[in-house]
Peer 1: 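Handing you this structure, nothing more for now.
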2 protein chains.
Amino acid sequence: MPATMQDIARDLKVSVVTVSKVLRNQGRISDDTRKRVLRRAKELNYQMNWVARSLVTRRTYTIGLLLPEFAHPFFAEIARAVAQTIRPHGYHVVISSFEEDPELEASEIDSLLARQVDGLIIASSQAPSHLNVFKRVQERKTPYVLIDRPIAGLRASFVGVDNHAIGRLATEHLIAKGCCRIAHLRGPEVRIAAERMEGYRRALAKGGFRPESDYIVSGGHGDSSGYEGMRQLLAVRPLPDGVFCYNDPVAIGAMKAIREAGLKLPQDIAVVGAGNVRYSDVLSVPLTTIDQGTCRIGVLAAELLIARIGSKCPIRPQQILIPPKLVERESTRRLA
Amino acid sequence: MPATMQDIARDLKVSVVTVSKVLRNQGRISDDTRKRVLRRAKELNYQMNWVARSLVTRRTYTIGLLLPEFAHPFFAEIARAVAQTIRPHGYHVVISSFEEDPELEASEIDSLLARQVDGLIIASSQAPSHLNVFKRVQERKTPYVLIDRPIAGLRASFVGVDNHAIGRLATEHLIAKGCCRIAHLRGPEVRIAAERMEGYRRALAKGGFRPESDYIVSGGHGDSSGYEGMRQLLAVRPLPDGVFCYNDPVAIGAMKAIREAGLKLPQDIAVVGAGNVRYSDVLSVPLTTIDQGTCRIGVLAAELLIARIGSKCPIRPQQILIPPKLVERESTRRLA
DNA sequence: CCCTTTTGAATAATCGTTAACCCTGAAACA
DNA sequence: TGTTTCAGGGTTAACGATTATTCAAAAGGG
């Protein structure tokens, strides 16, 4: 039903190629013809059929964005940044979330490849032992950039935050604030969480503290696991006077538990989160957190990908680690 | 580089069509041929080229999702629901946000049409006087569903919440809780905000209260405008003892202002939000709010759209209003 | 006036699949 | 024996663009 180049060409008694050239501003076309084509195109309300163009140019101007879940503010923010960064280049983003399910992730990657996306941005949940999907991506020579979660043993571009530094910054801050029994609500069994904990450990050691295993509680990445983790910590004696939480939601859950226990925040227990998620400054006790430059992750990943798509010869993988920044708020504002 | 049906056909000395038929489970093919094709396809790691298929079938199995901004939890949630609902049907979603800019919205819609999406889901920011974009969509006969924000004068399918009921529910709840000076922090100058306010007004009138114009403050939809709006309200005498806020972020901002003023929540001022956004139950004073069935909006819109795409003959537009539900939490839990 | 350039546009050949028809040989039926 | 029927496939022509090549006419040059 919508007009095609053929319609324009027929009406004007020129060839389709001529129309195509005018519309792309390419090739030698007389001013007269150009104007007639343009006019007729406007009259017919012509819109390029991108599917047809993609078939021959092998470019869809579409990139796939694969996220564990995009209701999570962190990933939502990244999605926004990616979309805004690529739009000026004429790209669109096909988004998909796989709910932390590696198999679903793999099948979605294949699906996006079949749709001929020009590139992929992935916050992957694949175990380092299951990298077949990525082999398939590489065979196709579809550029891709990993974000947030690096994968050991995969030579791929990556944009993320320095998780080790997050743990270090948070812990050093708590030490500077005079805490001497610093606990850690760590995240799930993935690399990022391990790195943050390692940063915490190093900072503790450097500060002259001995790490108590009672002070480290494992959990997930939601506020409920933060809440439960904190309840567990509240049973430990002596009570910790500072907690570094895996991320902001966990910290928010932890703060709830602390309040419910009748303890004062930050006087009795100081809390540091990570992520600088929206609303973390609007809580009853605004949360001190480590900003991971969420927005920049999206922007940089997108720019990196676009650059790779643009260049013919494959550039060598590039790793970008964004240095985190401490954002001090009330949850650690105690007499130092 | 990736294998095509031709590669398989050549290797097996059959025609491309035969391969195509096998891969689609269509037509009469002997069991032997079928198996050989399937085997070779697997060997070559064959993946359908959806662009090519789309060109001839005129189906991309892609829908466009247009949102004002998807870092907002409300829209992020909808996006998730939409994506999950359409995935089982083989659809993918191309997402785009237009930052509340009607012109950008229009150009994105055109852009998505050019990409031959099978359908559109839009939370539009178009003024009722600028509906040319939608005329273009209708001309193409691309099915679309409006969400969240209805547009007067547009015969289109719509899924949203009953905003009038939201205002009513919230206000009646405050009245039931014994508030007698109920203020309203209203949203921006759009229809939804007006409807919520109308619900508030009606409920007030029905409860026998006279609406004071001082008690209604206009604002935006972010927490900062809630904060400032509330500061304005705090200067009014007599002080309100209950506030119905346009949405949860506004309510969160308002609660911050109330706390800063040294007032007790909910004893001095009770607060009701709307949206039941994540984290609204994890605040220092968990927020009483009106649940708009965010997830259901996404699911229903997606199902409606898929149904429209599936049916040849255009079904008549369908409007779905989801009844909101009160979620009572601490921010209004006072002696009734 | 003939030859070379330049200009402007047409032709032909894809791109990877699918839709609509057509063909062939063997079994079934009369 | 002649006619159907049907299984199992092949042929041809799109789909709506782009790229590469070719070509005719006008323009320039000696």
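Just so we're on the same page: letters track the sequence lines, and every chain starts at 1. Bear in mind that the values here come from a model prediction, so they are computed numbers and not experimental data. We use all heavy atoms of the structure for the numbers below, so side chains are in, but hydrogens, waters and symmetry mates are not.
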Peer 1: Got a sec, which pairs hit salt bridge (charged side-chain N to carboxylate O under 4.0 Å, His left out) with one end in residues 137-159 of chain B, sequence neighbours left out?
Peer 2: B/E100-B/R149
Peer 1: Summarise how protein sits on nucleotides 4-10 of chain C as a single string, 5' to 3': B when a protein heavy atom is under 4.0 Å from the base, S for sugar-phosphate-only contact, - for no contact.
Peer 2: ---BBSB
Peer 1: Which residues pass the side chain to side chain contact (heavy atoms under 4.5 Å, CB included) test with B/E103, not counting sequence neighbours?
Peer 2: B/D101
Peer 1: What residues, two or more places apart in sequence or in another chain, satisfy side chain to side chain contact (heavy atoms under 4.5 Å, CB included) together with A/N25?
Peer 2: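 With neighbours one apart ignored, the set is A/R34.
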Peer 1: What residues form a side chain to side chain contact (heavy atoms under 4.5 Å, CB included) with B/D7, not counting sequence neighbours?
Peer 2: B/A3, B/T4, B/R10, B/L44
Peer 1: Salt bridge (charged side-chain N to carboxylate O under 4.0 Å, His left out): which pairs involve residues 106-122 of chain A, sequence neighbours left out?
Peer 2: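 Counting only pairs at least two positions apart or across chains, the salt bridge (charged side-chain N to carboxylate O under 4.0 Å, His left out) contacts touching residues 106-122 of chain A are A/E108-B/R87, A/D110-A/R136.
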Peer 1: For nucleotides 23-25 of chain C, which of its nitrogen or oxygen atoms have a protein nitrogen or oxygen under 3.5 Å away, and what is each distance?
Peer 2:
none

Peer 1: So where does chain A start and stop touching DNA chain D, 5' to 3', when the test is distance under 4.0 Å to a non-hydrogen atom?
Peer 2: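 Listing 5' to 3', DNA chain D meets chain A from D/dG16 to D/dA20.
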Peer 1: Quick test of your reading: applying ring-ring contact (aromatic ring centres under 6.0 Å, His included), list the pairs with at least one residue in residues 76-130 of chain A, sequence neighbours left out, ordered by first then second residue.
Peer 2: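 Residue pairs passing ring-ring contact (aromatic ring centres under 6.0 Å, His included), neighbours aside: A/Y61-A/Y91.
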Peer 1: Whole Å only: how far is the CZ atom of B/R58 from the P atom of C/dT18?
Peer 2: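 Rounding to the nearest Å, CZ of B/R58 and P of C/dT18 are 15 Å apart.
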Peer 1: State, to the nearest 10°, the angle formed by the axis through the first five base pairs of the helix from C/dC1-D/dG30 to C/dA30-D/dT1 and the axis through its last five.
Peer 2: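 Computed angle between terminal axes is 50°.
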Peer 1: Establish, from distance only, whether the side-chain atoms of A/S124 and A/E105 form a donor-acceptor pair under 3.5 Å.
Peer 2: yes
Peer 1: Enter the distance from B/L120:CG to B/L113:CG here, rounded to the nearest 0.5 Å.
Peer 2: 5.5 Å
Peer 1: Given side chains that start at C-beta, do those of B/V82 and B/I63 come closer than 4.5 Å, heavy atoms only?
Peer 2: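 Heavy-atom side-chain distance check passes, below 4.5 Å.
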Peer 1: Are any non-hydrogen side-chain atoms of A/E303 and A/L300 less than 4.5 angstrom apart?
Peer 2: yes
Peer 1: Between A/L38 and A/K42, is any pair of side-chain heavy atoms under 4.5 Å apart?
Peer 2: no
Peer 1: Between atom CD in A/Q116 and atom P in C/dG16, what is the gap in whole Å?
Peer 2: 9 Å
Peer 1: Could you list the donor-acceptor pairs under 3.5 angstrom formed between side-chain atoms of residues 69-79 of chain B and any protein atom two or more places apart in sequence or on another chain?
Peer 2:
unit_1 : atom_1 : unit_2 : atom_2 : d
B/H72  : ND1    : B/F74  : N      : 2.9
B/E77  : OE2    : B/R80  : NH2    : 2.8

Peer 1: Please tell me if B/Y46 has a side-chain N or O lying less than 4.0 Å from either OP1 or OP2 of C/dG16.
Peer 2: no
Peer 1: Quick one: list whatever passes side chain to side chain contact (heavy atoms under 4.5 Å, CB included) with A/S107, sequence neighbours left out.
Peer 2: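 In terms of side chain to side chain contact (heavy atoms under 4.5 Å, CB included), with neighbours along the sequence ignored, A/S107 is linked to A/L104.
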